[in-house]
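I have placed the structure first, in the form of structure tokens, so that the comments after it can refer back to it.
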Amino acid sequence: MRIFKSLHASWAHCMKASLCMGTMLASGPLLLCLGTPAMAAGDEAALDALEQQITRIQSEQRALQKALVSVQKQIAAHRSVAHAGSAAAHRGLATHQIASMDDADREAGIAVHSADHEEEPGVHHLGGSGHFHTGGPDAQPVFGSADDIPTVESVVGHRAEDVISRLAENGVGPHSRETAGAQAAGALGDHGVFHIGPVTLILGGFIDASAVESNRHTASGTFNFWQDTPFKNEPRYHTDNFEGSARYSRLSLMARGNIDKYSTISGVFEMDFGAGAATTDAYESNSYAFRMRQAYLAYDNSKENFHFLAGQAWSMLTPGRVGIIPRQESLPETIESSMLAGQTWARQLQFRFVKDFLSHRLWTGLSIENSATLYSTNSFRNGTSDGQVIMPGGQTVTVGSSGTGLTNDALFPNEIAPDVIGKIAWDPHWGHYEVEGILHFPHDRVSTLGAGKNHTAVGGGGGGSMILPVIPHKVEVRLAGLAGYGIGRYGSVLLPDATLRANGAPSPLFSLQGTAGIIAHPNPLIDVYGYFGYQQAGRSYFSEGGQAYGYGNPAYNNTGCYTELSGNCAAGSNIHSVMEATIGAWYRFLKGRYGTVEAGVQLAYSRIHAWEGNGGAPDTSLSELFMDFRYLPFQ
């Protein structure tokens with residue numbers, strides 16, 4: 001009897017709190033519900049009173065939603081006791097998990113089955129049947145009968161975003177969609193959700209206007225290509241530079257459908273204008289090319305806890321926030337489109353297999369990903385302009401070839417096998433932790449007249465990351481690192497993976513990269529961050545006939561690196577390490593049914609050190625001020 005009394009009290013509270021809400025929906029103007037007199041134009045006191053009343057109504061709505069969750073939990077618990085069956089126990093567990101979501105999720109709304117309910121703004125039903133009513137990507141299914149008590153499967157199948165990422169309760173939580181880190185990872189919107197029969201379409205993206213002022217001239221805009229940072233011998237070392245563009249404006253689309261109550265399939269496209277075309281110029285048209293960022297399909301089965309991804313997406317080496325879940329990568333909130341020196345990432349083709357255990361707390365993943373070896377062969381005759389290198393002894397080493405047909409005219413390396421990546425992620429009640437490993441196989445051919453030999457090296461390494469929620473959902477510390485041989489391209493600085501040995505075989509270079517950051521969200525409108533990143537490359541070299549070859553050779557001539565217009569400076573092609581320290585903030589100063597408008601500012605300082613050669617170990621630096629305005633119509 002106690003449970004029915006509790007249910008009666010909860011339902012009475014719900015009905016009382018919903019009277020005003022029902023009046024609002026039926027009557028239209030908010031003033032009719034509140035019962036306030038009409039305001040005269042410019043009446044500040046009346047405006048203040050109205051604002052207070054709106055706040056009170058919103059508070060009552062939240063209380064109603066919490067009460068509904070409590071009712072559903074008690075119903076599930078009652079069924080579990082009454083039936084003592086495994087199916088009912090499963091429903092009760094799922095209800096507990098869903099009810100334990102944070103306030104942001106509950107405030108998204110649990111739709112109450114009613115004959116006169118109205119469709120939520122921003123969600124459009126274009127056909128099909130069913131009894132689900134949604135109020136944006138975070139809305140949950142309608143529970144209209146005794147058999148509709150929520151389960152993990154039903155919520156995963158009908159939310160636009162994955163609920164599994166919220167069930168871990170690790171204190172970190174998934175990205176808030178409005179944050180720049182979520183936008184970089186490919187967050188979807190909560191406006192502009194369309195239902196076409198059983199398929200849901202979700203739009204995402206933003207209009208971006210960004211600019212950078214730097215104390216060196218590097219013609220790369222807001223994308224830092226640190227290896228091109230000039231040393232003192234170049235005139236552009238001594239000139240400032242301003243550059244702005246809208247080229248990183250972005251558009252994304254997700255299509256998602258339910259196969260059955262346990263499994264879903266989805267497809268994601270994400271594009272921007274970050275590529276330069278042959279007709280791109282900085283004087284008139286600024287016509288940057290439309291390019292693919294991500295394009296993948298994903299299959300999720302919540303009964304077997306199995307997840308599959310195929311297509312171009314963020315590499316599984318990229319640190320994450322929760323589990324091993326796409327669009328939950330832990331990416332810096334920075335404005336610079338290269339993100340941060342030392343950041344581990346790539347976007348490339350992959351076939352990813354993931355299994356989770358222990359109520360979505362332990363995750364294991366295996367990913368087969370596209371490989372591409374970045375060689376340093378500038379010290380050899382003929383370099384790698386056409387993929388061939390002439391060795392001191394006269395052999396020809398083929399490390400790749402230029403793209404033809406529909407492929408751009410750039411060097412594409414020989415690859416004998418894909419990269420193999422494994423990861424384990426753990427989400428206890430406090431923090432997110434990952435360990436990972438990679439295998440990579442650089443491959444080339446050494447030829448002489450009438451003969452040749454193939455060489456394959458074995459590279460790879462390991463690392464990990466963690467996110468420590470110092471104040472859950474308010475302040476977090478992020479740490480990540482990766483070390484190994486032949487994996488330099490997985491860092492933002494793009495230091496080389498390999499050079500060549502004296503016999504022409506690939507020589508994988510040691511690589512080390514890491515980042516540390518602290519990110520704060522003092523309120524829902526402001527994000528503040530500070531990061532430090534570091535990446536370095538090892539050395540592999542030899543000398544023959546009085547000439548220096550390889551990477552980081554101490555015989556390289558650096559005597560002219562300090563004198564303007566001197567040509568004797570090999571430092572730029574033999575970078576040892578790059579360090580970056582940066583701070584910044586974002587402010588979302590407009591937010592409503594029309595979307596979100598935000599502004600950001602970032603200060604960054606980078607230091608680039610070359611390997612020591614004849615004339616010392618020169619270094620250079622880069623100071624930058626980034627500015628950004630961004631409109632997110634779907635957030």
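These numbers were taken from a predicted model, which means no experiment stands behind them. Note that these values count all heavy atoms, side chains included, but never hydrogens, waters or copies made by symmetry.
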Ionic contact status for Arg489 with Asp419, cut-off 4.0 Å: yes
Can Ser338 and Glu336 be counted as having a side-chain donor-acceptor contact under 3.5 angstrom? yes
Are Asp527 and Arg588 within salt-bridge range, i.e. N to O under 4.0 Å? yes
If the test is side-chain hydrogen bond (donor to acceptor under 3.5 Å, both in side chains), which one of Arg352, Arg347, Gln348 qualifies with Gln350? Arg352
Do Arg250 and Asp208 meet the salt-bridge criterion of a basic N to acidic O distance under 4.0 Å? no
Locate the shortest heavy-atom distance separating Ala610 from Ala571; write the atom from each residue and the value. CB-CB, 3.4 Å
State, with a plain yes or no, whether a side-chain heavy atom of Phe351 is found less than 4.5 Å away from one of Leu349. yes
On a heavy-atom basis, which atom in Tyr433 and which in Trp430 lie closest, and how many Å separate them? OH-O, 3.1 Å
Looking at Ser220 and Phe223, would you say the former's side chain and the latter's main chain have a donor-acceptor pair under 3.5 Å? yes
side-chain hydrogen bond (donor to acceptor under 3.5 Å, both in side chains) for Tyr531 and Gln343? Distances and angles first, verdict last. CA-CA 10 Å; Tyr531 288 100; Gln343 175 70 32; over 6 Å; no
Flag side-chain contact, heavy atom, 4.5 Å: Tyr288 against Ser245: yes
After noting the C-alpha distance and the side-chain angles of Arg236 and Asp228, does the key distance pass the salt bridge (Lys or Arg N to Asp or Glu O under 4.0 Å) rule? CA-CA 11 Å; Arg236 60 195 183 100; Asp228 190 50; 3.0 Å; yes
Geometric cation-pi criterion, Lys355 with Phe353: 6.0 Å, 45°: no
Check the pair Thr239 / His217 against side-chain hydrogen bond (donor to acceptor under 3.5 Å, both in side chains), numbers first and verdict last. CA-CA 6 Å; Thr239 63; His217 188 187; 4.5 Å; no
Does this structure show an ion pair linking Arg293 with Asp272, if we count only N-O contacts that are shorter than 4.0 Å? yes
Rounded to the nearest 0.5 Å, what separates atom CZ in Arg501 from atom OG in Ser540? 6.0 Å
Side chain proximity check, Ile324 to Thr364, heavy atoms < 4.5 angstrom: no
Do the side chains of His432 and Trp426 get nearer than 4.5 Å, heavy atoms only? no
Test side chain to side chain contact (heavy atoms under 4.5 Å, CB included) on Asn241 and Glu213; report intermediate values, then the result. CA-CA 6 Å; Asn241 185 57; Glu213 174 73 32; over 6 Å; no
If we ignore hydrogens and angles and just use 3.5 Å, is the side chain of Lys423 paired with the main-chain N or O of Met316 as donor and acceptor? yes
Is the number of heavy atoms from other residues, nucleotides or ligands under 6.0 Å of Tyr299 OH greater than 12? yes
Is the shortest distance from a Lys or Arg side-chain nitrogen in Asp619 or Arg607 to a carboxylate oxygen in the other one below 4.0 Å? yes
Arg539 NZ/CZ over Tyr551 ring centroid, <6.0 Å and within 45° of normal: no
Tell me whether the rings of Phe542 and Tyr549 are parallel (<30°), tilted (30 to 60°) or perpendicular (>60°). parallel
Ignoring hydrogens, what is the shortest heavy-atom contact between Leu512 and Ala483? Give both atom names and the distance. CD1-CB, 3.8 Å
Backbone N or O of Gly560 within a donor-acceptor pair of the Thr563 side chain at under 3.5 Å? no
Do Asn553 and Ser543 have side chains that get closer than 4.5 Å, going by heavy atoms? yes
Checking the side chain of Asn233 only, and the main-chain atoms of Ser566 only, is there a donor and an acceptor separated by less than 3.5 Å? yes
Answer whether the closest heavy-atom distance between the side chains of Phe269 and Met292 falls below 4.5 Å. no
Would you call Glu369 and Pro418 a side-chain contact if the rule is heavy atoms closer than 4.5 Å? no
So that I can tick it off, tell me whether Arg321 and Glu329 are bridged by a salt bridge, with the cut-off set at under 4.0 angstrom between side-chain N and carboxylate O. no
For the side chain of Glu415 and the backbone of Thr373, is there at least one donor-acceptor N/O pair under 3.5 Å apart? yes
Nearest heavy atoms of Ala417 and Ser371, plus distance in Å: O-OG, 2.8 Å
Glu243 (side chain) donor-acceptor with Gly221 (main chain) under 3.5 angstrom: yes
Go through the steps to decide whether Tyr248 and Phe273 satisfy the test ring-ring contact (aromatic ring centres under 6.0 Å, His included), and finish with yes or no. CA-CA 6 Å; Tyr248 294 108; Phe273 300 86; over 10 Å; no
Could you go through Ser606 and Trp226, starting from their C-alpha distance and side-chain angles, then the distance that decides it, and tell me whether this counts as side-chain hydrogen bond (donor to acceptor under 3.5 Å, both in side chains)? CA-CA 8 Å; Ser606 299; Trp226 287 274; 3.0 Å; yes
Evaluate Ile438 against Val420 for side chain to side chain contact (heavy atoms under 4.5 Å, CB included), listing each step before the verdict. CA-CA 6 Å; Ile438 177 175; Val420 181; over 6 Å; no
When you measure from the side chain of Gln602 to the backbone N and O of Ile335, does any donor-acceptor pair fall under 3.5 Å? yes
Go through the steps for Leu500 and Tyr375 under the test side chain to side chain contact (heavy atoms under 4.5 Å, CB included), then give the verdict. CA-CA 8 Å; Leu500 300 179; Tyr375 284 95; 4.2 Å; yes
Just verifying a value: how many Å separate Arg177 CZ and Arg327 CZ, rounded to the nearest 0.5 Å? 9.5 Å
Is a side-chain donor or acceptor of Glu436 paired with a backbone partner of Ile421 at a separation under 3.5 angstrom? no
What's the spacing between Asn574 CG and Ser376 OG if we round to 0.5 Å? 6.0 Å
Give a yes or no answer on whether the side chain of Gln513 reaches the backbone of Ala537 with a donor-acceptor pair at less than 3.5 Å. no
Tell me yes or no: between the side chains of Tyr296 and Gln294, is some donor less than 3.5 Å from an acceptor? no
Strictly distance-based, threshold 3.5 Å: is any side-chain N or O of Ser379 a donor or acceptor partner for the main-chain N or O of Gly550? yes
Looking only at heavy atoms, what is the nearest atom pair of Phe380 and Ile390, with distance? CB-O, 4.1 Å
Thr377, Val397, Val399, Thr398 screened by side chain to side chain contact (heavy atoms under 4.5 Å, CB included) with Gln388, the one that passes: Thr398
I want to know whether Trp363 and His307 have ring centres closer than 6.0 Å. yes
Do Arg247 and Ser210 have side-chain heavy atoms sitting under 4.5 Å apart? no
Should Glu476 and Arg478 count as an ion pair when the cut-off is N to O under 4.0 Å? yes
After noting the C-alpha distance and the side-chain angles of Trp345 and Ser315, does the key distance pass the side-chain hydrogen bond (donor to acceptor under 3.5 Å, both in side chains) rule? CA-CA 6 Å; Trp345 69 279; Ser315 169; over 6 Å; no
Applying the side-chain hydrogen bond (donor to acceptor under 3.5 Å, both in side chains) test to Glu624, which of Asn215, Asn224, Thr218 qualifies? Asn224
Between Ala604 and Phe626, which heavy-atom pair has the shortest distance, and what is it? CB-CE1, 4.1 Å
